[in-house]
Amino acid sequence: MIKIRGLKKSFGNLDVLKGIDLDVAEKEVVVIIGPSGSGKSTLLRCINYLEEPTAGIVEIDGIELTSEANINAVRREVGMVFQRFNLFPHMTVLENLKLAPMKVRSIANDEAETMALELLEKVGLASKANSYPEQLSGGQQQRVAIARALAMKPKALLFDEPTSALDPEMINEVLDVMKELAHEGMTMVVVTHEMGFAREVGNRVVFVDGGMILEEAPPKEFFATPNNERTRRFLSKIL
Amino acid sequence: MNFEIIVQSIPLLLAGAGITIEISALSVGLGLLIGIVVGVCRVCLNKPLRYFAAFYVEIIRGTPLLVQIFVVYFALPMLTGSRVDPFIAAIAACSINSGAYVAEIFRGGIQSIDMGQMEAGRSLGLTWSQTMRFIILPQAFKRSIPPLGNEFIAMLKDSSLVSVIGFEELTRRGQLIIARTYASLEIWTAVAFIYLVMTFTISRFVAYLERRYRND
């Protein structure tokens, strides 16, 4: 589904990614962990070209990202959920969900609305359809953001620290929605510090530090018997 | 103070004020159109467009409106060989001038919107232009209302400069009446008062817009 080869990204003299190879299969949930500044968010943002890689190949569903046209085509198929939600504040929740399907997929208003309401139902926010984002709590905003990404019927979802900006008591409501998606078979790449989520939902955990993948393994193995010294040190600090 | 002269001159002055409003409204309207296009060009991905927009803004902002009016009315006809109607010249100079300032206002408004908004739009598959149109500009426009209000008030006052090409707006009417009556004190006071009423009306209207859009 997602194939990354030799991915490098530099900001000026700073090499953030130093050659990443990663494959994500359909219906797989890959959790990326690592210390701050390790390049994990940049890696995620390179997958849908929000950051343009300095070198390397990103291939989504067999399409290599090269021109503006196929980048747009791929972005339609790969949803993204941001740390700071990035809902559109001048639109109601419903309008947030309807915009992209109507403008990008040319879906009629009625159909987009029906679909949007179903998705809001799914994330437990049907009653907030006509609210504005600022009237919602952080957890609710993030659930709307997930519903907004789902409205494009994506083949895969990227999560960039989706719970890092949330108050502790709101983290679970977001994780629950993500777990449900994983169980339904959504392909997901999740950058997070939530080790419980990684353990419970992840098919594979990838440890990134210094712009490289140092270790990847199924969660059980990863947390029980980490091979790499740096992984061990990282885990000992956070677990 | 001879109030009789003021009362007698009021109809003439008000007619001039009507023309002032006409020039200002047209210039501000056209200036808004120019400003939106140029302002978006200032931040767009196309380098030549970006440079062209910056060039336009620098030229216009760096030269006096009075000189711009002279260029349009006196200098351009020497190049083209055909006279320019004073009304067209006045509108052209004022709207091209206003466009540059409005462009800067919009550029500031656009750049004040969180980068995450553009990223969210793009990640949903919207193009840059679609994201600009449906997501960035509506928010930027709201933030631009207060400085746009300043610009409109400035334009209304600066429109007095077109009196130099003989265009009979409020200031020019005042001059003509004084040439006839020598009543400088009365007429200039009246002219100033009429400008004040107009600008105060605009500032109240802008304040109303600000209140209205604050809670959306």
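Quantities reported herein were computed from a predicted structural model and do not represent experimental measurements. Residue numbering restarts at 1 for every chain, and letters A, B, ... go by the order of the sequence lines.
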Check your understanding: Is it the case that more than 12 heavy atoms not belonging to B/Arg143 sit under 6.0 Å from its CZ atom?
Key -> yes

Practice item. Kindly check if the number of other-residue, nucleotide or ligand heavy atoms within 6.0 Å of CZ (B/Phe74) is above 12? Key: yes

**Study point:** Toward chain A: residues of residues 115-133 of chain B with heavy atoms under 4.5 Å
**Key:** B/Gly116, B/Gln117, B/Glu119, B/Ala120, B/Gly121, B/Arg122, B/Ser123, B/Leu124, B/Gly125, B/Leu126, B/Thr127, B/Gln130

Revision key, fill the gap. Comparing A/Lys103, A/Arg76, A/Glu77 against chain B, the one with the most heavy-atom pairs below 4.5 Å turns out to be A/Lys103

Point to revise | Atom pair CZ/CD of B/Phe134 and A/Glu95 - distance to nearest 0.5 Å | key: 12.5 Å

Exercise for review: Measure A/Val78 against the heavy atoms of chain B and call it side chain, backbone, both or neither at under 4.5 Å.
Suggested key: backbone

Practice item. Please state whether the side chain, the backbone, both or neither of A/Arg105 comes within less than 4.5 Å of a heavy atom of chain B. Key: neither

Practice item. Give me the contact list for residues 156-168 of chain B versus chain A, heavy atoms only, anything under 4.5 Å, ordered by residue number. Key: none

Check your understanding: More than 12 heavy atoms of other residues, nucleotides or ligands under 6.0 Å from OH of B/Tyr208: is that the case?
Key -> no

Point to revise | Atom CD of A/Glu184: over 12 foreign heavy atoms under 6.0 Å | key: yes

Check your understanding: Does a sphere of radius 6.0 Å around NZ in A/Lys122 hold more than 12 heavy atoms from other residues, nucleotides or ligands, not counting ones at 6.0 Å or beyond?
Key -> yes

Check your understanding: Is A/Gln135 atom CD crowded by more than 12 heavy atoms from other residues, nucleotides or ligands, each under 6.0 Å away?
Key -> yes

**Study point:** Toward chain B, the part of A/Asn72 with a non-hydrogen atom under 4.5 Å
**Key:** both

Review point. Do other residues, nucleotides or ligands put more than 12 heavy atoms under 6.0 Å from the CD atom of A/Glu121?
Key: no

Exercise for review: Heavy-atom distances under 4.5 Å only: say whether A/Phe82 touches chain B with side chain, backbone, both or neither.
Suggested key: side chain

Practice item. Please identify each residue that fulfils side chain to side chain donor-acceptor pair (under 3.5 Å) with A/Asp61, with sequence neighbours left out. Key: A/Lys155

Check your understanding: Can you name the residues of residues 93-109 of chain B that have some heavy atom under 4.5 Å away from a heavy atom in chain A?
Key -> none

Review point. With respect to chain B, which residue among A/Leu99, A/Leu158, A/Val74 yields the maximal number of heavy-atom pairs within a distance under 4.5 Å?
Key: A/Leu99

